[in-house]
Amino acid sequence: MKITKIQLHWQILIALILAVLFGYFIPSGIPYVGWMGDIFLRGLKMVIIPLILSSIISGVTSMGKGKDLGRLSVKTLLYYLSTSTLAIVTGLVIVNLVKPGVGVELGFTQSVEGLSESTGSVRDILYRLVPDNIVDAMAQGTILSVIFFAIIFGYFITQVEDRYKNPLKNFFDGVFEVMMKITLFIIRFTPLGIFGIVAREVARNSDQLANIAGSLAIYSLCVVGGLLIHAFISLPLIVRFIAKAKPFKHFSNMLTPLLTAFSTSSSSATLPLTMDALEHKSGVSNKITSFTLPLGATINMDGTALYECVAAMFIAQVYGVELTFAQQALVVVTALLASIGAAGIPMAGLVMITVVLTAIGLPLEGIGLILAVDRILDMLRTSVNVWSDSCGAVTVARSENEETNVAYAK
Ligand code: ASP
């Protein structure tokens with residue numbers, strides 16, 4: 001991974017400033033730069049299906065099989081799914097209370113004419129989950145179906161003989177590595193993408209600039225507020241009352257991986273440090289860390305899940321779309337799936353926003369709006385992702401009656 005993070009930040013910041021100036025002062029030049037944003041968004045869309053497919057298959061096949069593993073898998077998945085859902089609900093409540101996107105008048109080219117009535121019903125969600133033709137689902141970008149298929153496919157890889165299982169597992173691990181590299185490559189072009197998209201939006205909405213900047217700031221505060229609540233209230237309560245351990249002692253043990261997650265924006269890159277801190281500082285056994293953490297780094301992303309939900313709701317608000325209860329439930333489900341499918345690399349969460357937007361029928365163009373602040377939010381949500389993985393390891397360790405260094409005496 002050869003992008004130095006500081007550099008990318010600066011590049012993005014400079015691109016942003018230039019884009020605002022360009023869009024404001026030279027609107028007639030937009031046709032010459034707007035295409036960069038389009039190509040960037042197309043690139044993100046290009047990687048999404050193979051990235052999700054390989055990320056999930058590789059994660060699920062690493063769960064292994066056997067009695068112990070079966071029990072550990074169930075506990076770990078239960079923790080992962082429930083904390084991610086809790087994070088999403090926290091985000092949903094905040095974004096509904098604060099409504100950061102309401103009142104922003106944007107001249108988006110696409111307007112949303114009442115979303116299809118059927119988007120929310122349970123039957124409809126089930127229909128989307130189970131494709132009648134997986135190739136067609138991939139071609140159409142029906143991501144829920146692809147995620148569902150990947151989970152099933154990954155699971156049944158673990159159920160076949162080793163001579164079939166091993167090559168398949170290696171193959172999908174390899175595809176996943178390649179897809180992560182391609183995604184990082186595309187992400188290097190973020191400054192150009194931002195320039196194209198933001199310049200066009202500024203030119204279109206030059207009279208609304210202060211308004212947009214204000215609501216972006218409020219949107220960012222909603223994400224940050226939600227992340228803080230999840231990291232400093234919800235997860236510590238779980239550690240305290242379910243794992244019966246000392247959350248803040250555990251937190252101080254985890255400072256190195258958390259700061260690394262913050263500065264690299266990558267749960268996967270932080271993984272070795274997370275494992276080390278859990279084993280050598282918080283005293284969780286290698287058996288538990290080596291099972292829960294690699295899986296957690298790919299599928300347990302509480303911070304990303306919260307972010308997906310707040311971002312999608314914000315975009316819906318900006319488009320002036322009131323989501324019904326059922327549609328918001330769909331946002332919760334898709335944000336959860338998006339966080340499961342997101343790879344542990346910088347800005348993967350941004351790629352996955354397409355999943356949620358597509359599911360509720362909002363135009364992908366809305367991503368342009370939040371692109372400018374994504375990088376900084378990524379640092380925070382990645383830290384929360386890693387923090388949740390580590391709390392999960394402590395919780396599972398406790399349920400296996402392990403004596404850790406952070407547990408209260410029984
Ligand atoms: N960067 C995050 C991670 O590695 C994923 C995301 O973009 O939300 O955990």
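Model, not experiment: these values are computed from the prediction. Whatever order the structure lists them in is the order used to number ligands and atoms, beginning at 1.
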Need the ligand 1 atom indices (1-based, order shown) with element for anything under 4.0 Å from a heavy-atom of Gly349. 6 (C), 7 (O), 8 (O)
Measure the acute angle between the ring planes of Phe314 and Tyr219, then classify it against the limits of 30° and 60° as parallel, tilted or perpendicular. parallel
Test your reading of the structure: does Leu350 have an N or O sitting under 3.5 Å from an N or O of ligand 1? no
Under 3.5 Å, is there a donor-acceptor pair between the Thr292 and Asp389 side chains? no
Output yes when the distance from some N or O of ligand 1 to some N or O of Ser267 is under 3.5 Å, and no in every other case. yes
Ligand 1 to Ile345, heavy atom cutoff 4.0 Å, flagged ligand atoms 1 (N), 2 (C), 4 (O), 5 (C), 7 (O)
Say whether, by atom type as modelled, one donor and one acceptor occur between the side chain of Ser267 and the main chain of Thr382 under 3.5 angstrom. no
For Phe185, enumerate each residue passing the ring pair (Phe, Tyr, Trp, His ring centres under 6.0 Å) test, keeping only those at least two apart in sequence or located in another chain. Phe189
Proximal atoms of ligand 1 relative to Thr304 (non-hydrogen, under 4.0 Å): 5 (C), 6 (C), 8 (O)
Value rounded to 0.5 Å, distance of CG in Asp302 from SG in Cys391: 9.0 Å
Which of the atoms in ligand 1, numbered in the order shown and given with their element, are less than 4.0 Å from a heavy-atom of Asn385? 2 (C), 3 (C), 9 (O)
Out of all atoms in ligand 1, which are within 4.0 Å of some heavy atom of Ser266? Include the element for each. 4 (O)
Specify side chain, backbone, both or neither for Met352, according to which of its non-hydrogen atoms lie closer than 4.0 Å to ligand 1. neither
Go through ligand 1 atom by atom and flag the ones less than 4.0 Å from a non-hydrogen atom of Ala343. 5 (C)
Looking at ligand 1, does any of its N/O atoms fall within less than 3.5 Å of an N/O of Met301? no
Apply salt bridge (Lys or Arg N to Asp or Glu O under 4.0 Å) to residues Lys169 and Asp162 and explain how you reach the verdict. CA-CA 10 Å; Lys169 176 163 170 30; Asp162 281 358; over 6 Å; no
Under 4.0 Å from one or more heavy atoms of Gly344, ligand 1 contributes atoms 3 (C), 4 (O)
Between Asn300 and Ser388, does any side-chain donor sit less than 3.5 Å from a side-chain acceptor? yes
Whether the His230 and Thr90 side chains hold a donor-acceptor pair (N or O, under 3.5 Å, no angle test) is what I'd like checked. no
When you measure from atom 2 (C) of ligand 1 to every protein heavy atom, which one gives the shortest distance, and what is it? Thr382 OG1, 3.3 Å
